[in-house]
Amino acid sequence: MNLDLSIVVPLYNEDESLPELMAWIDKVCTENKYAYEVIMVDDGSKDNSWQAVQALAQQYNTIKGIKFQRNYGKSPALNEGFKAAQGNVVITMDADLQDSPDEIPELYAMIMSGEYDLVSGWKKVRYDNAVTKNLPSKLYNGVNRWISGIKLHDMNCGLKAYRKKVVKSIEVYGEMHRFIPVIAKQAGFDKIGEKVVVHRARKYGVSKFGWERFINGFLDLLSIQFITRFGKKPMHFFGLYGTLMFMLGFGMTLYLIVSKFFFGGSMINKPAFYIALTTMILGTQFFLTGFIAELISRSAADRNNYLIEEKLGIKD
Ligand code: UDP
Ligand code: MG
C-alpha cells in the first residue's frame with residue numbers, strides 16, 4: 001500500500017510523553033484520512049520508552065519501531081527513521097510534546113503542493129529558557145543564515161517536513177541534524193520553505209541538549225561548509241592559502257636580504273625574520289596537507305556518488 005505520510009520520532013528517555021503524543025498524532029491523521037505510519041526510533045533509552053513503544057504498537061497498528069543498542073544521538077536516530085520511511089511525505093517530530101501534531105496537515109499540504117522539497121518549522125514564540133536557549137539561538141541562527149545562505153529563522157527546529165526523495169538522498173550523521181536544510185540544499189533540493197509553528201513547554205522529562213550545542217553547532221557548520229566547497233578538491237583550499245603564505249614569507253625574506261646588503265645591519269635580529277620563517281614553514285605545511293587531503297578524498301567510497309534526478313532512454 002502506498003503511504004501518504006511517515007512521521008519519524010527520535011526519542012531518548014521520553015516514556016512519559018509517548019502515549020499522549022501517539023494519541024494526538026493518531027487523532028490528527030485519522031481526521032485527515034491519511035494512510036500513515038509512525039516510526040519511533042528509540043535512541044538507546046534507559047527508561048521504559050521501548051516498553052511504551054511496544055505497548056502502543058499493540059494499540060495502534062500504524063506504529064513501527066527501531067531500538068538502538070545504545071544512545072547514538074538524534075542524528076543517527078533520524079537517519080535510521082529516514083531509511084525506514086515509506087510515505088510520500090516524511091515529517092519529523094520531537095517526542096517530548098514540544099512540537100504540536102496539529103501542524104501536520106498544513107506541513108503535509110505544503111510539501112504536496114510541489115512548491116517545496118523541505119519545510120522547516122519556526123518556533124517564533126518559544127517556551128524554553130530565555131537565557132540559555134532563546135537568546136543564543138537567535139544569534140546562532142543569524143550566523144547560520146549568514147554562513148549557509150539559507151534564510152531560515154529556526155534551522156534546528158525538530159518539526160520538519162520533507163518530500164520522500166529528500167530523505168532518501170541525504171545522510172544525517174554525527175550531530176548534523178541541526179543542518180539538514182544545508183545538507184538537503186547541497187544535494188540539490190533547494191526549494192526550502194518555512195512555517196511558523198506552535199511551540200510548547202516541555203511537559204515531561206528533561207532537555208538532552210545544553211549550551212554546548214551552540215559551540216558544537218558552530219563548529220559543525222564550519223565543517224559542513226568546508227566539506228561542501230572543498231571536500232572533493234581540498235587542494236584548491238590548502239594549495240591556495242599555502243602558496244599565498246609561502247610567497248608572503250619568501251617576499252619578506254627577499255626584502256630582508258636586500259635591505260641587509262644595501263643598508264647593512266643584521267638580518268636575524270629583526271622580528272620580520274622570524275615572521276617570514278614561520279610563514280614559509282606554515283605555508284609549506286598547508287600545501288602538504290592539501291596533498292594528503294587529495295589522497296584521502298580520491299579513495300573515498302562516495303567520490304562518484306551523484307544524485308540523478310531523471311534519466312531518458314538509459315537503462316539501469
Ligand atoms: N533525542 C534523541 N537522542 C538524543 C537526544 C535527544 O533521540 O541523544 C531526541 C529527544 O528524545 C527528543 C528530540 O531528540 O525527542 C529533541 O531533544 P530535546 O527535546 O532534548 O531537545 P530540545 O527540545 O531541548 O532542543
Ligand atoms: Mg524538546
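Note that the numbering runs from 1 along the sequence shown for the chain. Ligands are counted one by one from 1 in listed order, and the atoms in each one are counted from 1 as well.
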What is the nearest protein non-hydrogen atom to [atom], stated with its residue, atom name and distance?
atom                    : result
atom 23 (O) of ligand 1 : Gln98 OE1, 2.9 Å
atom 1 (N) of ligand 1  : Tyr12 CB, 3.9 Å
atom 20 (O) of ligand 1 : Lys208 N, 2.6 Å
atom 17 (O) of ligand 1 : Phe209 CE1, 3.7 Å
atom 7 (O) of ligand 1  : Leu11 N, 3.5 Å
atom 4 (C) of ligand 1  : Asp43 OD2, 3.3 Å
atom 9 (C) of ligand 1  : Pro10 O, 3.7 Å
atom 14 (O) of ligand 1 : Lys74 CD, 3.4 Å

Ignoring hydrogens and angles, state whether a donor on the side chain of [X] or [Y] is under 3.5 Å from an acceptor on the partner side chain.
X      : Y      : value
Ser137 : Arg126 : yes
Tyr12  : Asp42  : no
Ser49  : Glu14  : no
Asp128 : Gln98  : yes

Which ligand 1 atoms does [X] reach within 4.0 Å, using its non-hydrogen atoms?
X      : value
Lys133 : 22 (P), 24 (O), 25 (O)
Arg202 : 18 (P), 19 (O), 20 (O)
Asp96  : 19 (O), 23 (O)

[X] and [Y] ion-paired at < 4.0 Å:
X      : Y      : result
Glu20  : Lys203 : yes
Lys185 : Asp190 : no
Glu115 : Lys191 : no

Per-residue contact class, [X] against ligand 1 - non-hydrogen pairs under 4.0 Å:
X      : result
Arg213 : side chain
Asp94  : both
Asn71  : side chain
Glu14  : side chain

Derivation of the side-chain hydrogen bond (donor to acceptor under 3.5 Å, both in side chains) call for Tyr36 and Asp26: CA-CA 9 Å; Tyr36 79 103; Asp26 182 65; 2.5 Å; yes

Close approach of Gly158 to ligand 1, heavy atoms, under 4.0 angstrom: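 The answer is no, since Gly158 has no heavy atom less than 4.0 Å from ligand 1.
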
Asp96, N/O/S atom nearest the Mg ion (ligand 2):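 Of all N, O or S atoms belonging to Asp96, OD2 is the one nearest the Mg ion (ligand 2).
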
Stepwise side-chain contact (heavy atoms from CB on, under 4.5 Å) check, Asp94 with Val9: CA-CA 6 Å; Asp94 288 354; Val9 182; over 6 Å; no

Parallel, tilted or perpendicular, as decided by the 30° and 60° cut-offs, for the rings of Phe230 and Phe226: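 The arrangement is tilted - the two ring planes meet at 30° to 60°.
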
Geometric class of the Tyr162/Phe82 ring pair [parallel <30°, tilted 30-60°, perpendicular >60°]: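 Ring orientation of Phe82 relative to Tyr162: perpendicular.
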
Hphob cluster co-occupancy, Met280 + Tyr241, side-chain heavy atoms under 4.5 angstrom: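 Hydrophobic grouping puts Met280 apart from Tyr241.
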
Asp94 backbone or side-chain N/O/S under 2.8 Å from the Mg ion (ligand 2):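 No - counting backbone and side chain alike, Asp94 has no N, O or S atom under 2.8 Å.
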
Ser207 backbone or side-chain N/O/S under 2.8 Å from the Mg ion (ligand 2):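 Here the distance criterion (N, O or S atom, under 2.8 Å) is not met by Ser207, so no.
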
Ala95-ligand 1 polar pair, N/O distance under 3.5 Å: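 Min N/O separation from ligand 1 is below 3.5 Å for Ala95.
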
